[in-house]
2 protein chains.
Amino acid sequence: MQLDKVTEERPTEAKRSYDDACGTAHALELIGERWSLLVLRELMLGPRRFSELRADLPGISANVLSQRLDELEARGLARKLRLPPPASVQVYEATAWGLEAEPIVQALGRWAARSPRHDPTLPISGVSILLSFRTMIDRDQARDLDARIGFRFGEVGYVARLRGGSIDVERGDPHGCDVVFTTAPTMLAAVVYGGAPLDSIGVEGDIALAKRFTTLFPLPPKVA
Amino acid sequence: MQLDKVTEERPTEAKRSYDDACGTAHALELIGERWSLLVLRELMLGPRRFSELRADLPGISANVLSQRLDELEARGLARKLRLPPPASVQVYEATAWGLEAEPIVQALGRWAARSPRHDPTLPISGVSILLSFRTMIDRDQARDLDARIGFRFGEVGYVARLRGGSIDVERGDPHGCDVVFTTAPTMLAAVVYGGAPLDSIGVEGDIALAKRFTTLFPLPPKVA
DNA sequence: CCGTATCCAATAAGATACTG
DNA sequence: CAGTATCTTATTGGATACGG
(Lines give C-alpha, C1' and ligand atoms only; values in the text may rest on other atoms or scores of the structure.)
Protein backbone atom coordinates (compact mmCIF):
# COMPACT_ATOMS: atom_id res chain seq x y z
CA MET A 1 0.00 0.00 0.00
CA GLN A 2 2.95 2.30 0.09
CA LEU A 3 2.83 2.57 -3.66
CA ASP A 4 2.12 5.80 -5.41
CA LYS A 5 5.11 7.64 -4.07
CA VAL A 6 3.17 10.72 -4.93
CA THR A 7 6.21 12.90 -5.50
CA GLU A 8 4.38 15.33 -3.30
CA GLU A 9 5.14 18.51 -5.18
CA ARG A 10 5.11 21.46 -2.84
CA PRO A 11 2.93 23.94 -4.80
CA THR A 12 5.06 26.94 -4.08
CA GLU A 13 7.47 27.36 -1.27
CA ALA A 14 5.81 25.82 1.77
CA LYS A 15 9.13 24.68 3.16
CA ARG A 16 10.21 24.05 6.69
CA SER A 17 9.13 27.08 8.63
CA TYR A 18 10.08 28.10 12.14
CA ASP A 19 6.52 29.31 12.63
CA ASP A 20 7.83 32.22 14.69
CA ALA A 21 7.07 35.92 14.29
CA CYS A 22 10.53 36.81 15.56
CA GLY A 23 12.47 38.68 12.91
CA THR A 24 15.54 36.64 13.63
CA ALA A 25 13.65 33.47 12.83
CA HIS A 26 12.34 34.96 9.62
CA ALA A 27 15.86 35.99 8.64
CA LEU A 28 16.95 32.41 9.10
CA GLU A 29 14.19 31.30 6.77
CA LEU A 30 15.57 33.69 4.17
CA ILE A 31 19.29 33.06 4.50
CA GLY A 32 19.61 30.29 7.07
CA GLU A 33 20.25 27.36 4.78
CA ARG A 34 23.70 26.04 4.48
CA TRP A 35 25.86 28.20 2.13
CA SER A 36 23.18 30.87 1.60
CA LEU A 37 24.85 33.66 3.49
CA LEU A 38 28.27 32.84 2.08
CA VAL A 39 26.92 33.02 -1.44
CA LEU A 40 25.38 36.39 -0.64
CA ARG A 41 28.67 37.50 0.91
CA GLU A 42 30.43 36.77 -2.36
CA LEU A 43 28.03 39.13 -4.12
CA MET A 44 28.64 42.00 -1.72
CA LEU A 45 31.31 43.71 -3.82
CA GLY A 46 29.70 43.33 -7.19
CA PRO A 47 28.24 40.81 -9.63
CA ARG A 48 29.91 37.44 -10.01
CA ARG A 49 29.73 34.56 -12.39
CA PHE A 50 28.73 31.06 -11.44
CA SER A 51 32.22 29.70 -11.85
CA GLU A 52 33.78 32.46 -9.76
CA LEU A 53 31.37 31.71 -6.97
CA ARG A 54 32.12 28.06 -7.19
CA ALA A 55 35.84 28.73 -7.06
CA ASP A 56 35.57 31.00 -4.02
CA LEU A 57 33.26 28.71 -2.07
CA PRO A 58 35.45 25.66 -1.75
CA GLY A 59 33.36 22.57 -1.25
CA ILE A 60 30.05 23.78 -2.58
CA SER A 61 28.70 21.53 -5.29
CA ALA A 62 27.25 22.85 -8.50
CA ASN A 63 23.73 21.73 -7.76
CA VAL A 64 23.69 23.31 -4.32
CA LEU A 65 25.11 26.58 -5.62
CA SER A 66 22.50 26.56 -8.33
CA GLN A 67 19.74 25.97 -5.82
CA ARG A 68 21.00 28.67 -3.45
CA LEU A 69 21.15 31.20 -6.24
CA ASP A 70 17.60 30.36 -7.27
CA GLU A 71 16.44 30.78 -3.69
CA LEU A 72 18.22 34.09 -3.25
CA GLU A 73 16.57 35.27 -6.42
CA ALA A 74 13.11 34.05 -5.42
CA ARG A 75 13.46 35.84 -2.10
CA GLY A 76 14.52 39.13 -3.62
CA LEU A 77 18.11 39.11 -2.45
CA ALA A 78 19.84 38.57 -5.75
CA ARG A 79 19.06 38.59 -9.41
CA LYS A 80 20.43 36.83 -12.43
CA LEU A 81 21.36 39.02 -15.32
CA ARG A 82 23.14 38.80 -18.60
CA LEU A 83 25.82 41.36 -19.26
CA PRO A 84 25.36 43.24 -22.54
CA PRO A 85 27.33 42.11 -25.59
CA PRO A 86 30.11 41.64 -26.32
CA ALA A 87 30.51 40.09 -22.86
CA SER A 88 27.10 38.38 -22.92
CA VAL A 89 27.92 36.36 -19.87
CA GLN A 90 25.49 35.61 -17.14
CA VAL A 91 26.20 37.02 -13.71
CA TYR A 92 24.49 37.13 -10.34
CA GLU A 93 24.07 40.41 -8.56
CA ALA A 94 22.85 41.25 -5.08
CA THR A 95 19.80 43.47 -4.82
CA ALA A 96 19.85 46.59 -2.65
CA TRP A 97 18.18 44.63 0.12
CA GLY A 98 20.67 41.82 -0.27
CA LEU A 99 23.48 44.33 0.19
CA GLU A 100 21.81 45.48 3.37
CA ALA A 101 22.71 42.13 4.86
CA GLU A 102 26.30 43.28 5.27
CA PRO A 103 25.78 44.14 8.97
CA ILE A 104 24.79 40.53 9.51
CA VAL A 105 27.96 39.30 7.89
CA GLN A 106 29.91 41.75 9.99
CA ALA A 107 28.24 40.87 13.27
CA LEU A 108 28.91 37.18 12.64
CA GLY A 109 32.50 37.79 11.67
CA ARG A 110 33.26 40.08 14.58
CA TRP A 111 31.76 37.63 17.01
CA ALA A 112 33.49 34.57 15.60
CA ALA A 113 36.85 36.33 15.65
CA ARG A 114 36.87 35.62 19.37
CA SER A 115 36.40 31.91 18.88
CA PRO A 116 39.24 29.83 20.25
CA ARG A 117 38.89 27.32 17.45
CA HIS A 118 38.97 29.70 14.54
CA ASP A 119 41.65 28.67 12.06
CA PRO A 120 42.96 31.73 10.20
CA THR A 121 45.25 29.69 7.98
CA LEU A 122 42.42 28.25 5.91
CA PRO A 123 41.89 29.69 2.44
CA ILE A 124 39.95 32.92 2.18
CA SER A 125 38.32 34.65 -0.77
CA GLY A 126 39.11 38.14 -1.95
CA VAL A 127 35.64 39.37 -1.09
CA SER A 128 35.90 37.88 2.39
CA ILE A 129 39.12 39.57 3.31
CA LEU A 130 38.05 42.92 1.95
CA LEU A 131 34.80 42.70 3.88
CA SER A 132 36.79 41.72 6.95
CA PHE A 133 38.75 44.95 6.61
CA ARG A 134 35.49 46.87 6.66
CA THR A 135 34.48 44.94 9.76
CA MET A 136 37.67 44.96 11.77
CA ILE A 137 39.18 48.36 11.05
CA ASP A 138 40.24 50.31 14.11
CA ARG A 139 38.44 53.54 13.37
CA ASP A 140 40.45 55.61 15.82
CA GLN A 141 43.75 54.49 14.40
CA ALA A 142 42.55 54.97 10.86
CA ARG A 143 40.72 58.24 11.25
CA ASP A 144 43.48 60.50 9.95
CA LEU A 145 44.25 58.41 6.88
CA ASP A 146 43.00 59.28 3.43
CA ALA A 147 44.29 56.91 0.80
CA ARG A 148 43.42 54.61 -2.05
CA ILE A 149 44.56 51.04 -1.55
CA GLY A 150 44.54 48.68 -4.50
CA PHE A 151 44.37 44.90 -4.61
CA ARG A 152 45.11 42.48 -7.39
CA PHE A 153 43.81 39.02 -6.64
CA GLY A 154 44.71 37.10 -9.77
CA GLU A 155 42.60 38.55 -12.56
CA VAL A 156 40.34 40.72 -10.47
CA GLY A 157 41.20 44.08 -9.00
CA TYR A 158 39.66 46.08 -6.19
CA VAL A 159 40.11 49.63 -5.00
CA ALA A 160 39.57 50.48 -1.35
CA ARG A 161 39.06 54.05 -0.31
CA LEU A 162 40.26 54.65 3.22
CA ARG A 163 38.89 57.83 4.73
CA GLY A 164 37.43 59.09 7.99
CA GLY A 165 38.19 55.82 9.73
CA SER A 166 36.21 53.62 7.41
CA ILE A 167 36.69 51.78 4.15
CA ASP A 168 34.69 51.58 0.98
CA VAL A 169 35.55 48.95 -1.57
CA GLU A 170 34.67 48.46 -5.17
CA ARG A 171 35.86 46.36 -8.02
CA GLY A 172 38.12 48.18 -10.39
CA ASP A 173 41.58 48.60 -11.76
CA PRO A 174 43.94 49.42 -8.89
CA HIS A 175 46.32 51.27 -11.20
CA GLY A 176 47.18 54.63 -9.69
CA CYS A 177 46.36 53.77 -6.09
CA ASP A 178 48.71 54.93 -3.36
CA VAL A 179 49.56 51.32 -2.63
CA VAL A 180 48.77 48.19 -4.58
CA PHE A 181 48.92 44.72 -3.06
CA THR A 182 49.34 41.86 -5.50
CA THR A 183 48.79 38.52 -3.83
CA ALA A 184 46.47 35.68 -3.14
CA PRO A 185 43.89 36.73 -0.53
CA THR A 186 45.05 34.02 1.85
CA MET A 187 48.59 35.44 1.85
CA LEU A 188 47.27 38.91 2.55
CA ALA A 189 45.35 37.49 5.49
CA ALA A 190 48.56 35.93 6.78
CA VAL A 191 50.22 39.33 6.73
CA VAL A 192 47.38 41.37 8.21
CA TYR A 193 46.01 38.87 10.71
CA GLY A 194 48.85 36.39 11.11
CA GLY A 195 51.86 38.66 11.43
CA ALA A 196 53.60 37.32 8.33
CA PRO A 197 56.21 39.71 6.92
CA LEU A 198 55.03 42.29 4.43
CA ASP A 199 57.57 41.18 1.88
CA SER A 200 55.86 37.82 1.55
CA ILE A 201 53.36 39.49 -0.75
CA GLY A 202 53.63 41.90 -3.67
CA VAL A 203 53.51 45.57 -2.76
CA GLU A 204 53.94 48.55 -5.03
CA GLY A 205 53.76 52.22 -4.15
CA ASP A 206 54.02 53.78 -0.72
CA ILE A 207 55.58 51.05 1.39
CA ALA A 208 55.23 52.98 4.64
CA LEU A 209 51.53 53.36 3.97
CA ALA A 210 51.31 49.65 3.18
CA LYS A 211 52.92 48.81 6.51
CA ARG A 212 50.59 51.11 8.35
CA PHE A 213 47.59 49.71 6.52
CA THR A 214 48.38 46.18 7.62
CA THR A 215 48.27 47.24 11.28
CA LEU A 216 44.81 48.80 11.18
CA PHE A 217 42.94 45.56 11.86
CA PRO A 218 43.46 44.35 15.41
CA LEU A 219 41.91 41.05 16.40
CA PRO A 220 39.80 40.91 19.56
CA PRO A 221 41.00 38.74 22.46
CA LYS A 222 40.13 35.07 22.24
CA VAL A 223 37.49 33.68 24.52
CA ALA A 224 39.46 30.75 25.88
CA MET B 1 33.71 -5.11 -2.74
CA GLN B 2 31.75 -2.40 -1.06
CA LEU B 3 31.34 -4.56 1.99
CA ASP B 4 32.58 -3.54 5.38
CA LYS B 5 30.28 -0.62 5.88
CA VAL B 6 32.76 0.46 8.47
CA THR B 7 30.41 2.67 10.46
CA GLU B 8 33.16 5.22 10.11
CA GLU B 9 33.04 6.80 13.55
CA ARG B 10 34.23 10.38 13.42
CA PRO B 11 36.69 10.54 16.36
CA THR B 12 35.63 13.91 17.64
CA GLU B 13 33.96 16.69 15.81
CA ALA B 14 35.29 16.61 12.28
CA LYS B 15 31.94 17.67 10.88
CA ARG B 16 31.07 19.38 7.68
CA SER B 17 33.35 22.36 7.51
CA TYR B 18 33.21 25.31 5.18
CA ASP B 19 37.01 25.21 4.98
CA ASP B 20 37.09 28.99 4.92
CA ALA B 21 39.11 31.33 7.12
CA CYS B 22 36.38 33.97 6.89
CA GLY B 23 35.01 34.74 10.33
CA THR B 24 31.48 34.67 8.98
CA ALA B 25 31.97 31.12 7.79
CA HIS B 26 33.37 30.11 11.15
CA ALA B 27 30.41 31.69 12.91
CA LEU B 28 28.13 29.58 10.76
CA GLU B 29 30.02 26.49 11.86
CA LEU B 30 29.35 27.49 15.46
CA ILE B 31 25.72 28.57 15.25
CA GLY B 32 24.68 27.92 11.66
CA GLU B 33 22.77 24.69 12.12
CA ARG B 34 19.05 24.80 12.08
CA TRP B 35 17.62 26.00 15.43
CA SER B 36 21.00 26.81 16.99
CA LEU B 37 20.69 30.55 17.05
CA LEU B 38 17.07 30.44 18.17
CA VAL B 39 18.02 28.24 21.09
CA LEU B 40 20.76 30.67 22.02
CA ARG B 41 18.30 33.54 21.64
CA GLU B 42 16.04 31.92 24.22
CA LEU B 43 18.93 31.94 26.69
CA MET B 44 19.69 35.63 26.22
CA LEU B 45 17.62 36.83 29.18
CA GLY B 46 18.62 34.17 31.66
CA PRO B 47 18.78 30.42 32.25
CA ARG B 48 15.96 28.23 30.99
CA ARG B 49 14.80 24.70 31.47
CA PHE B 50 14.55 22.13 28.72
CA SER B 51 10.78 22.16 28.73
CA GLU B 52 10.58 25.94 28.59
CA LEU B 53 12.83 25.96 25.57
CA ARG B 54 10.77 23.32 23.92
CA ALA B 55 7.59 25.27 24.56
CA ASP B 56 9.01 28.51 23.17
CA LEU B 57 10.51 26.93 20.07
CA PRO B 58 7.39 25.57 18.45
CA GLY B 59 8.22 22.69 16.18
CA ILE B 60 11.59 21.71 17.56
CA SER B 61 11.73 18.08 18.50
CA ALA B 62 13.22 16.83 21.71
CA ASN B 63 16.14 15.09 20.06
CA VAL B 64 17.11 18.12 18.02
CA LEU B 65 16.85 20.43 21.02
CA SER B 66 18.97 18.01 22.99
CA GLN B 67 21.58 17.91 20.28
CA ARG B 68 21.66 21.67 19.86
CA LEU B 69 22.14 22.20 23.57
CA ASP B 70 24.98 19.71 23.59
CA GLU B 71 26.60 21.49 20.66
CA LEU B 72 26.23 24.91 22.23
CA GLU B 73 27.83 23.56 25.34
CA ALA B 74 30.68 21.85 23.48
CA ARG B 75 31.39 25.10 21.65
CA GLY B 76 31.47 27.23 24.78
CA LEU B 77 28.27 29.16 24.16
CA ALA B 78 26.11 27.66 26.88
CA ARG B 79 26.45 25.45 29.90
CA LYS B 80 24.22 23.03 31.68
CA LEU B 81 23.84 23.56 35.38
CA ARG B 82 21.75 22.36 38.25
CA LEU B 83 20.14 24.96 40.42
CA PRO B 84 20.90 24.60 44.12
CA PRO B 85 18.35 22.87 46.34
CA PRO B 86 15.52 23.15 47.00
CA ALA B 87 14.96 23.87 43.33
CA SER B 88 17.48 21.29 42.12
CA VAL B 89 16.31 21.57 38.58
CA GLN B 90 18.58 21.50 35.60
CA VAL B 91 18.83 24.63 33.49
CA TYR B 92 20.81 25.87 30.51
CA GLU B 93 22.59 29.16 30.69
CA ALA B 94 24.40 31.18 28.03
CA THR B 95 28.07 31.89 28.65
CA ALA B 96 29.42 35.44 28.43
CA TRP B 97 30.53 34.76 24.89
CA GLY B 98 27.15 33.32 24.04
CA LEU B 99 25.52 36.52 25.25
CA GLU B 100 27.85 38.47 22.97
CA ALA B 101 25.93 36.99 20.05
CA GLU B 102 23.09 39.40 20.70
CA PRO B 103 24.28 41.82 17.97
CA ILE B 104 23.93 38.93 15.51
CA VAL B 105 20.37 38.32 16.59
CA GLN B 106 19.69 42.03 16.31
CA ALA B 107 21.27 42.43 12.88
CA LEU B 108 19.23 39.52 11.57
CA GLY B 109 16.03 40.81 13.10
CA ARG B 110 16.50 44.37 11.91
CA TRP B 111 17.26 43.20 8.40
CA ALA B 112 14.37 40.75 8.20
CA ALA B 113 11.93 43.37 9.44
CA ARG B 114 12.05 44.77 5.91
CA SER B 115 11.06 41.50 4.34
CA PRO B 116 7.82 41.66 2.41
CA ARG B 117 6.90 38.14 3.42
CA HIS B 118 7.40 38.49 7.15
CA ASP B 119 4.27 37.40 9.00
CA PRO B 120 4.00 39.25 12.32
CA THR B 121 0.88 37.36 13.38
CA LEU B 122 2.73 34.14 14.06
CA PRO B 123 3.36 33.23 17.69
CA ILE B 124 6.33 34.84 19.39
CA SER B 125 8.13 34.04 22.62
CA GLY B 126 8.58 36.39 25.53
CA VAL B 127 12.32 36.51 25.07
CA SER B 128 11.92 37.29 21.36
CA ILE B 129 9.66 40.24 21.83
CA LEU B 130 11.74 41.72 24.61
CA LEU B 131 14.87 41.37 22.51
CA SER B 132 13.00 42.95 19.61
CA PHE B 133 12.35 45.97 21.81
CA ARG B 134 16.07 46.28 22.41
CA THR B 135 16.64 46.04 18.67
CA MET B 136 13.93 48.29 17.33
CA ILE B 137 13.69 51.07 19.88
CA ASP B 138 13.78 54.56 18.43
CA ARG B 139 16.55 56.01 20.55
CA ASP B 140 15.71 59.61 19.78
CA GLN B 141 12.09 59.24 20.74
CA ALA B 142 12.98 57.30 23.86
CA ARG B 143 15.93 59.34 25.06
CA ASP B 144 14.06 61.42 27.63
CA LEU B 145 12.26 58.49 29.21
CA ASP B 146 13.34 56.90 32.46
CA ALA B 147 11.00 54.18 33.58
CA ARG B 148 10.65 50.61 34.69
CA ILE B 149 8.34 48.54 32.53
CA GLY B 150 7.15 45.17 33.79
CA PHE B 151 5.91 42.15 31.88
CA ARG B 152 4.02 39.10 33.04
CA PHE B 153 4.04 36.34 30.45
CA GLY B 154 2.16 33.57 32.19
CA GLU B 155 4.30 32.45 35.09
CA VAL B 156 7.42 34.38 34.21
CA GLY B 157 8.05 38.04 34.81
CA TYR B 158 10.51 40.50 33.33
CA VAL B 159 11.54 44.01 34.21
CA ALA B 160 12.75 46.36 31.51
CA ARG B 161 14.65 49.46 32.47
CA LEU B 162 14.15 52.22 29.92
CA ARG B 163 16.75 54.95 30.14
CA GLY B 164 18.93 57.07 27.89
CA GLY B 165 17.20 55.77 24.80
CA SER B 166 17.97 52.12 25.39
CA ILE B 167 16.49 49.19 27.24
CA ASP B 168 17.92 46.65 29.60
CA VAL B 169 15.87 43.60 30.47
CA GLU B 170 16.12 41.03 33.17
CA ARG B 171 13.94 38.36 34.60
CA GLY B 172 12.26 39.36 37.82
CA ASP B 173 9.05 40.24 39.57
CA PRO B 174 7.48 43.23 37.81
CA HIS B 175 5.72 44.32 40.98
CA GLY B 176 6.34 48.00 41.57
CA CYS B 177 7.17 48.93 37.97
CA ASP B 178 5.73 52.12 36.53
CA VAL B 179 3.69 50.03 34.12
CA VAL B 180 3.05 46.32 34.03
CA PHE B 181 1.82 44.48 30.95
CA THR B 182 0.08 41.18 31.58
CA THR B 183 -0.45 39.27 28.35
CA ALA B 184 0.73 36.59 26.02
CA PRO B 185 3.79 37.82 24.10
CA THR B 186 1.98 37.41 20.80
CA MET B 187 -0.76 39.80 21.91
CA LEU B 188 1.82 42.34 23.00
CA ALA B 189 3.39 42.09 19.55
CA ALA B 190 -0.01 42.73 17.99
CA VAL B 191 -0.29 45.94 19.99
CA VAL B 192 3.24 47.24 19.50
CA TYR B 193 3.85 46.13 15.93
CA GLY B 194 0.36 45.48 14.61
CA GLY B 195 -1.53 48.50 15.86
CA ALA B 196 -3.99 46.48 17.96
CA PRO B 197 -5.68 48.55 20.69
CA LEU B 198 -3.91 48.80 24.00
CA ASP B 199 -6.95 47.53 25.86
CA SER B 200 -6.63 44.16 24.18
CA ILE B 201 -3.97 43.33 26.74
CA GLY B 202 -3.67 43.75 30.50
CA VAL B 203 -2.10 47.00 31.63
CA GLU B 204 -1.64 48.26 35.16
CA GLY B 205 -0.02 51.48 36.33
CA ASP B 206 0.71 54.57 34.28
CA ILE B 207 -1.53 54.15 31.23
CA ALA B 208 -0.12 57.21 29.44
CA LEU B 209 3.35 55.77 29.82
CA ALA B 210 2.10 52.44 28.52
CA LYS B 211 0.68 54.11 25.43
CA ARG B 212 3.86 55.99 24.82
CA PHE B 213 5.93 52.84 25.33
CA THR B 214 4.02 51.00 22.63
CA THR B 215 4.92 53.67 20.07
CA LEU B 216 8.66 53.55 20.60
CA PHE B 217 9.29 50.72 18.13
CA PRO B 218 8.75 51.84 14.54
CA LEU B 219 9.08 49.25 11.81
CA PRO B 220 11.31 50.02 8.83
CA PRO B 221 9.73 50.32 5.38
CA LYS B 222 9.15 47.06 3.55
CA VAL B 223 11.30 46.20 0.61
CA ALA B 224 8.56 45.37 -1.84
C1' DC C 1 33.16 26.66 -21.42
C1' DC C 2 28.86 27.72 -18.53
C1' DG C 3 25.91 26.22 -16.23
C1' DT C 4 21.68 22.44 -15.39
C1' DA C 5 19.74 18.13 -14.43
C1' DT C 6 19.86 13.60 -12.56
C1' DC C 7 21.26 9.90 -9.74
C1' DC C 8 23.06 8.10 -5.48
C1' DA C 9 25.17 7.92 -0.92
C1' DA C 10 25.77 10.24 3.47
C1' DT C 11 23.80 13.38 7.02
C1' DA C 12 20.61 16.02 9.34
C1' DA C 13 16.03 16.86 10.78
C1' DG C 14 11.38 15.43 12.28
C1' DA C 15 7.92 12.33 14.61
C1' DT C 16 6.98 9.27 18.00
C1' DA C 17 7.62 6.06 21.65
C1' DC C 18 9.88 5.01 25.66
C1' DT C 19 12.85 5.05 30.09
C1' DG C 20 14.88 6.78 34.70
C1' DC D 1 10.31 16.37 33.57
C1' DA D 2 14.25 15.50 30.94
C1' DG D 3 15.85 13.56 27.97
C1' DT D 4 17.03 8.69 24.61
C1' DA D 5 16.05 5.49 21.11
C1' DT D 6 14.24 4.38 16.90
C1' DC D 7 12.32 5.08 12.56
C1' DT D 8 11.10 8.01 8.59
C1' DT D 9 11.71 11.90 5.72
C1' DA D 10 14.34 15.79 3.84
C1' DT D 11 18.50 17.98 2.62
C1' DT D 12 23.18 17.89 1.22
C1' DG D 13 27.19 16.61 -1.31
C1' DG D 14 29.65 14.29 -5.00
C1' DA D 15 29.82 12.38 -9.58
C1' DT D 16 28.55 12.58 -13.91
C1' DA D 17 25.86 13.39 -17.92
C1' DC D 18 23.44 16.73 -20.66
C1' DG D 19 22.07 21.25 -23.39
C1' DG D 20 23.42 25.93 -25.20
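Each chain gets a letter, A, B and so on, in the order its sequence line appears, and its residues count up from 1. Heavy atoms only: backbone and side chains are in, while hydrogens, waters and symmetry mates are out. Since we're looking at a predicted model, the values are computed, not measured.
Contacts classified as ring-ring contact (aromatic ring centres under 6.0 Å, His included) and involving residues 81-108 of chain B (residues at least two apart or in different chains) are given here: A/W111-B/W97. Screening residues 183-196 of chain B for salt bridge (Lys or Arg N to Asp or Glu O under 4.0 Å) gives no qualifying pairs among residues at least two apart or on separate chains. Within the structure, the ring-ring contact (aromatic ring centres under 6.0 Å, His included) test picks out the following pairs touching residues 30-52 of chain A (sequence neighbours left out): A/W35-B/Y18.
Using a 4.0 Å cut-off between charged side-chain N and carboxylate O, B/E170 and B/R134 make no salt bridge.
B/E73 places its CD atom 15 Å from the P atom of D/dA2, with the value rounded to the nearest Å. For B/L28 and C/dA12, the CG to C1' distance is 16 Å, given to the nearest whole Å. Straight-line distance from the CG atom of A/L53 to the C1' atom of C/dG3: 12 Å, rounded to whole Å.
Residues passing the salt bridge (Lys or Arg N to Asp or Glu O under 4.0 Å) test with B/D173 are B/R152, sequence neighbours excluded. Every residue two or more places apart in sequence or in another chain was checked for a salt bridge (Lys or Arg N to Asp or Glu O under 4.0 Å) with A/R34, and none qualifies. For A/E204, the salt bridge (Lys or Arg N to Asp or Glu O under 4.0 Å) test picks out no residue, with sequence neighbours left out. For A/R48, the salt bridge (Lys or Arg N to Asp or Glu O under 4.0 Å) partners are A/E42, A/E52, A/D56, not counting sequence neighbours.
Contact check, A/Y92 against C/dC2: no side-chain N or O comes under 4.0 Å of OP1 or OP2. OP1 or OP2 of C/dC2 has not a single side-chain nitrogen or oxygen of A/K80 nearer than 4.0 Å. Between D/dC1 and B/Q90, no contact under 4.0 Å exists linking OP1 or OP2 to a side-chain N or O.
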A correct 5'-to-3' footprint of nucleotides 13-20 of chain C, with B, S and - meaning base, sugar-phosphate only and no protein heavy atom under 4.0 Å, is SBB-----
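An angle of 30°, rounded to 10°, separates the two end axes of the helix from C/dC1-D/dG20 to C/dG20-D/dC1, each defined over five pairs.
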Enumerate donor-acceptor pairs with a distance under 3.5 Å from any side-chain N or O in residues 184-194 of chain A to protein atoms, sequence neighbours excluded.
residue, atom, partner, partner atom, Å
A/T186, OG1, A/I124, N, 3.0
A/Y193, OH, A/S132, OG, 2.8

Counting only pairs under 3.5 Å, give me each side-chain donor-acceptor contact of residues 20-27 of chain A, with atom names and distances, residues two or more places apart or in other chains.
residue, atom, partner, partner atom, Å
A/D20, OD1, A/C22, N, 2.8
A/D20, OD2, B/R41, NH1, 3.2
A/D20, OD2, B/R41, NH2, 3.1
A/T24, OG1, B/V105, O, 3.1
A/H26, NE2, B/S115, OG, 2.7

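Within residues 38-51 of chain B, the residues that have a heavy atom under 4.0 Å from DNA chain D are, in order of number, B/R49, B/F50, B/S51.
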